[in-house]
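Hydrogens, waters and symmetry mates are skipped; everything else that's a heavy atom, side chains included, is used. In this chain, residues are counted from 1 in sequence order. This structure is a prediction, so every number in the text was calculated from the model and none was measured.
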Amino acid sequence: MPKEVVLTGLRTNGAYHLGNYIGGILPILKLIQDNQASSYQINLFAPDLHSFTTPTNLDKLNQQTLENLKLFVACGVPLDDNNVNLYRQSYISAHSELTWILSNFTSWGEMSRMTEFKDKINQFKSGNQITVGLFSYPILMAADILLYDATWIPVGEDQRQHLEFCRNLAQRFNQRFKKDIFKIPADFNKQQDWLKRFEAPRIRSLKHPDKKMSKSIADPKGTIMLSDTSEEIAQKITSAQTDNLASIDYDWQNQPGITNLLSILAYLNSKSLSDIKQNWRGQSDYSNLKQAVIQSVQATLNEIQNSLKSVSDTVVLNHLKNREVKLNKIANQKLQQIQKIIGLR
């Protein structure tokens, strides 16, 4: 029996932040640390084609992609494990070709209902920044998943709608041609059960806890970058927005700032949210909570930053070259299968 595929990708158009680490990297590290990596094929890719959907410094894109992939290694992803594949999306042309094919099995109405697209429109000041690529990128995301028959895709709450679109698109395609050509990924709730999560990570801005932590938003004081110094971490968390309720409760509706801090503390200490809630229930000193979060974030990022110093560009590039040959074979085989079914071959 072939191994189930775990697939995750983090955009490479900017440096990674704490939300990227908790939502995209930490689930893979947990698989590896629990000695489960050998049970799966783990695909960790740089979705560099997705980078063009929002304003991007094109002169730095290639180098930023390499730096972000090195961070995976610094965080603990082993390059010598045959079950683990790091690769760049743009180096496997089947991603682009399958996206075009799937676009013709997708309705305009489906794309126009995507809330992530609507949210990004509101962030942009100029209508010129709103591209067709931004509108249709969930189709590219679906191609990323379906090319490799991926079952498990660790994503946050903001990607729930895109995952369900991918599932719907795969089911529609299979029904249209009466063949099980695409493997249907597990639904969002099953993904969380598999990850042993009470809920999907929702790491919010420290300054605007009604919005997610994001490098796409001009929110430097609310976003903890993985490259931040201990002093910068302490300053950002100390000034994090809370409230005047003098009660530490896990409540996104009434205490989003406090809940955000509790979430960060839980994920970085491998604690369940129920344990964290119980540990802090009845307490009212926000400064104690912030100090605990500061210590956890500093310890995590100091370890990553120290490890990053020993990650070689050459070693990572050699891994990419080898794995991209391997993944091209897998992706092209799936693409050719689809081409035959729809009459192109």
Please report the C-alpha distance between Ile28 and Phe72 in whole Å, then the side-chain angles of each, then the deciding distance to 0.1 Å, and finally whether the side-chain contact (heavy atoms from CB on, under 4.5 Å) criterion is met. CA-CA 10 Å; Ile28 302 302; Phe72 274 106; 5.9 Å; no

Worked verdict on Leu29 versus Tyr21 for side-chain contact (heavy atoms from CB on, under 4.5 Å): CA-CA 10 Å; Leu29 296 180; Tyr21 174 76; 3.8 Å; yes

Measuring from His95:NE2 to Tyr148:OH, what's the distance to the nearest 0.5 Å? 3.0 Å

Starting from Phe182, can I reach Leu140 by hopping between I/L/V/M/F/W/Y residues whose side chains sit under 4.5 Å apart? no

Give the minimum heavy-atom separation between Cys75 and Ile304, together with the two atoms involved. SG-CD1, 3.7 Å

Quick one: pull up CG in Asn328 and NZ in Lys326 and give me the separation to the nearest 0.5 Å. 12.5 Å

Report yes if the side chains of Leu206 and Lys221 come closer than 4.5 Å at any heavy-atom pair, otherwise no. no

Side-chain (Ser310) to main-chain (Ser307) donor-acceptor, under 3.5 angstrom: yes

For Lys212, is there an ion pair with Glu116 - N to carboxylate O distance below 4.0 angstrom? yes

Flag side-chain contact, heavy atom, 4.5 Å: Asp275 against Gln278: no

Residue pair Ile233 / Ile294: nearest heavy atoms and the distance that separates them: CG2-O, 4.3 Å

Given 3.5 Å as the limit, does a donor-acceptor pair link the side chain of Tyr16 with the main chain of Leu10, or not? yes

What residue among Arg176, Lys340, Gln337 forms side chain to side chain contact (heavy atoms under 4.5 Å, CB included) with Ile181? Gln337

Any donor-acceptor pair under 3.5 Å from Glu324 side chain to Arg88 backbone: yes

What is the minimum heavy-atom distance between Ser263 and Tyr250, and which atoms define it? OG-CE1, 3.5 Å

Transitive ILVMFWY side-chain link Phe52 to Met141, under 4.5 Å: no

Can a side-chain donor-acceptor contact be found between Gln64 and Asn68 if the only test is distance below 3.5 angstrom? yes

Is there a donor-acceptor pair closer than 3.5 Å between any side-chain N or O of Lys290 and the backbone N or O of Ala240? yes

Whether the Gln171 and Gln175 side chains hold a donor-acceptor pair (N or O, under 3.5 Å, no angle test) is what I'd like checked. no

dist Leu265:CG -> Lys271:NZ (nearest 0.5 Å) comes out at 9.5 Å

Has Gln241 got a side-chain atom pairing as donor or acceptor with Gly222's backbone, closer than 3.5 angstrom? no

Common cluster, Leu49/Leu44, ILVMFWY with side-chain heavy-atom separation under 4.5 Å: no

Between Ile237 and Leu261, is there a side-chain heavy-atom distance shorter than 4.5 Å? yes

Checking Glu4 against Trp152 for the side-chain contact (heavy atoms from CB on, under 4.5 Å) test, could you report, in this order, the C-alpha distance in whole Å, the side-chain angles of both residues, the deciding distance, and whether it holds? CA-CA 8 Å; Glu4 289 186 322; Trp152 306 110; 2.9 Å; yes

Heavy-atom nearest pair, His17 first then Met225, reads CB-SD, 3.8 Å

Do Cys166 and Pro185 touch side chain to side chain, with heavy atoms closer than 4.5 Å? yes

Do Asp144 and His50 come close enough that some side-chain heavy atom pair is under 4.5 Å? yes

Rounded at 0.5 Å granularity, tell me how far CG in Leu169 sits from CG in Asn174. 9.5 Å

Parallel, tilted or perpendicular, as decided by the 30° and 60° cut-offs, for the rings of Phe173 and Phe177: tilted

Is the backbone N or O of Ser90 less than 3.5 Å from a side-chain atom of Asp48, with the two atoms forming a donor-acceptor pair by type? yes

Applying the 4.5 Å side-chain criterion to the ILVMFWY set and letting contacts propagate, would Leu317 and Val84 be lumped into a single cluster? yes

Are more than 12 heavy atoms from other residues, nucleotides or ligands located less than 6.0 Å from atom CG of Asn62? no

Checking His162, Glu164, Glu157 against Arg160 for side chain to side chain donor-acceptor pair (under 3.5 Å), the one that qualifies is Glu157

Is there side-chain contact between Asn20 and Leu71, with at least one heavy-atom pair below 4.5 Å? no

Short side-chain to backbone donor-acceptor contact, Gln191 and Ala186, under 3.5 Å: yes

Count the heavy atoms belonging to other residues, nucleotides or ligands that lie under 6.0 Å from CD of Gln283, then report whether that count exceeds 12. yes

For Ile145 versus Leu7, what's the shortest heavy-atom pair and its separation? CG1-CD2, 4.1 Å

Does any donor atom in the side chain of Asn189 or Asp187 lie under 3.5 Å from an acceptor atom in the other side chain? no

Please check if the side chain of Ser239 supplies one atom and the backbone of Lys236 the other of a donor-acceptor pair under 3.5 Å. yes

Taken to the nearest 0.5 Å, the spacing of Ile342 CD1 from Leu344 CG works out to 4.0 Å

Taking the side chain as everything from C-beta on, heavy atoms only, tell me whether Ile258 gets closer than 4.5 Å to Asp249. no

CG (Leu335) and CD (Gln333) are apart, to the nearest 0.5 Å, by 11.0 Å

Is Asn260 reaching over with its side chain to a backbone N or O of Pro256, donor-acceptor style, under 3.5 angstrom? no

Does the pair Asp81 and Ile32 meet the rule for a side-chain contact (heavy atoms from CB on, under 4.5 Å), with working shown? CA-CA 10 Å; Asp81 189 329; Ile32 295 168; over 6 Å; no

Non-hydrogen atoms of Pro138 and Met114 that approach each other most closely: CG-CG, 4.2 Å

Give a yes-or-no answer on whether the side chains of Asn43 and Gln41 include a donor-acceptor pair shorter than 3.5 Å. yes

Validation row: Tyr286, Asn244 side chains within 4.5 angstrom (heavy atoms): no

Please tell me whether Ile184 and Leu163 are part of a single hydrophobic cluster in this structure, the criterion being side-chain heavy atoms less than 4.5 Å apart. no

Counting distance only, does the side-chain N/O of Gln305 pair as donor-acceptor with the main-chain N or O of Leu226 below 3.5 Å? yes

